[in-house]
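To start, the structure itself, in structure tokens.
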Amino acid sequence: SIGIPKGAAMVNRAAKIIARRELNAEIVVMGRLSRPVRNGHLRVLGPYKTQDLAQLIERERIHVFWIPSIWPETYSYVTTELMRLGVPIACFDLGAPRERMATYENGSIIPKMEAALAVRELVALAHRANAKGLGTAEKKVGRAAVNGNGKAASMIPANGHVNNGHALNGSNGHAKGKAKAAILVT
């Protein structure tokens with residue numbers, strides 16, 4: 001469950017910023033969230049099983065991932081699973097997730113614990129993933145990209161655009177489709 005130490009307030013603030021700036025983006029929480037705001041830019045899916053993670057990511061068309069913890073964790077199983085899947089991940093500059101993002105090719109460290117900065121970095125991470133063409137070399141299974149060893153490698157479609165061909169446009173972070181940032185329970 002995402003409570004105060006796991007970043008619940010930060011997630012809610014990020015959803016409010018997305019709404020206030022009228023960004024065409026949505027935060028999708030996999031797991032539970034303490035006191036979620038209700039503004040059309042935050043959806044809570046509820047509990048999930050680790051073995052269902054790749055299918056859930058595919059079904060929800062998630063493209064960037066955020067570990068919103070504001071307390072230094074000694075280990076993060078969710079970070080391990082996401083890295084195994086090869087998806088773009090952002091986290092704050094503390095704890096075990098930060099240590100792992102420092103050497104993870106698709107990782108991003110948000111230097112300050114600020115919701116506005118997190119939103120900007122998630123949008124920028126989606127742009128970088130798009131520019132890198134994540135998913136272009138993998139064979140496709142539905143919307144999920146799968147690498148040669150059969151593991152999901154990226155949720156960026158083979159055409160390199162986020163959200164089924166809808167790329168984020170320009171520097172203002174507005175999207176032509178729904179660009180989704182997923183916040184997973186750690």
Side-chain angles (χ1 to χ4, degrees), residues 1-2 6-8 10-11 14-15 18 23-33 36 41-69 73 75-91 97 100-101 104-108 110 118-119 121-168 175-186:
S1 179
I2 299 178
K6 299 285 187 173
M10 196 66 63
V11 171
I18 289 169
L23 299 176
N24 195 6
E26 177 181 37
I27 295 174
V28 179
V29 177
M30 294 181 196
R32 293 186 180 102
L33 178 66
H41 293 276
L42 175 64
R43 218 165 21 104
V44 179
L45 300 179
Y48 66 96
K49 295 178 183 171
T50 303
Q51 66 265 24
D52 299 332
L53 185 58
Q55 291 82 13
L56 187 58
I57 291 167
E58 176 185 347
R59 184 188 82 206
E60 295 299 322
R61 297 182 300 183
I62 308 297
H63 301 98
V64 295
F65 297 79
W66 182 25
I67 307 295
S69 295
E73 297 189 46
Y75 189 79
S76 169
Y77 289 101
V78 172
T79 301
T80 299
E81 283 301 310
L82 292 174
M83 289 174 72
R84 185 183 67 75
L85 294 173
V87 296
I89 309 167
C91 69
R100 297 174 70 206
M101 288 308 102
Y104 178 57
E105 179 181 3
N106 297 322
S108 180
I110 304 165
V119 169
E121 183 53 37
L122 289 165
V123 169
L125 184 58
H127 279 291
R128 288 192 302 274
N130 185 28
K132 285 169 76 172
L134 291 178
T136 56
E138 294 86 7
K139 86 178 177 184
K140 300 296 286 177
V141 175
R143 286 185 299 270
V146 178
N147 66 20
N149 61 11
K151 295 179 182 172
S154 166
M155 295 314 301
I156 307 299
N159 64 9
H161 298 288
V162 296
N163 196 25
N164 287 341
H166 298 294
L168 293 171
K176 293 176 184 171
K178 280 274 190 177
K180 297 183 183 181
I183 296 89
L184 282 92
V185 176
T186 57

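What you see is a predicted model; the values in this text were computed from it and never measured. When a residue number appears, it is its place in the shown sequence, counting from 1.
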Distance check, rounded to the nearest 0.5 Å: [X] atom [atom1] versus [Y] atom [atom2]?
X	Y	atom1	atom2	result
L45	L33	CG	CG	11.0 Å
M101	N106	CE	CG	9.0 Å
I62	E26	CD1	CD	7.5 Å
R100	I89	CZ	CD1	8.5 Å

For this session: Could you tell me whether the side chain of H41 and the main chain of A25 form a donor-acceptor pair under 3.5 Å?
Result: yes

Problem set entry | Minimum heavy-atom distance Y48-L56, with the two atoms named | CB-CD2, 3.8 Å

For this session: Taking all non-hydrogen atoms of both residues into account, name the closest pair between I2 and G7 and its distance.
Result: CG2-C, 3.9 Å

Report yes if the side chains of [X] and [Y] come closer than 4.5 Å at any heavy-atom pair, otherwise no.
X	Y	result
M83	F65	no
L82	L53	yes
L122	I27	no
I57	M30	yes

Exercise. Residues in side-chain contact (heavy atoms from CB on, under 4.5 Å) with A118, at least two apart?
Worked result: W66, F92, I110

For this session: Go through the steps to decide whether R128 and S108 satisfy the test side-chain hydrogen bond (donor to acceptor under 3.5 Å, both in side chains), and finish with yes or no.
Result: CA-CA 10 Å; R128 288 192 302 274; S108 180; 3.2 Å; yes

Exercise. Who passes side-chain hydrogen bond (donor to acceptor under 3.5 Å, both in side chains) against E81, sequence neighbours left out?
Worked result: R84

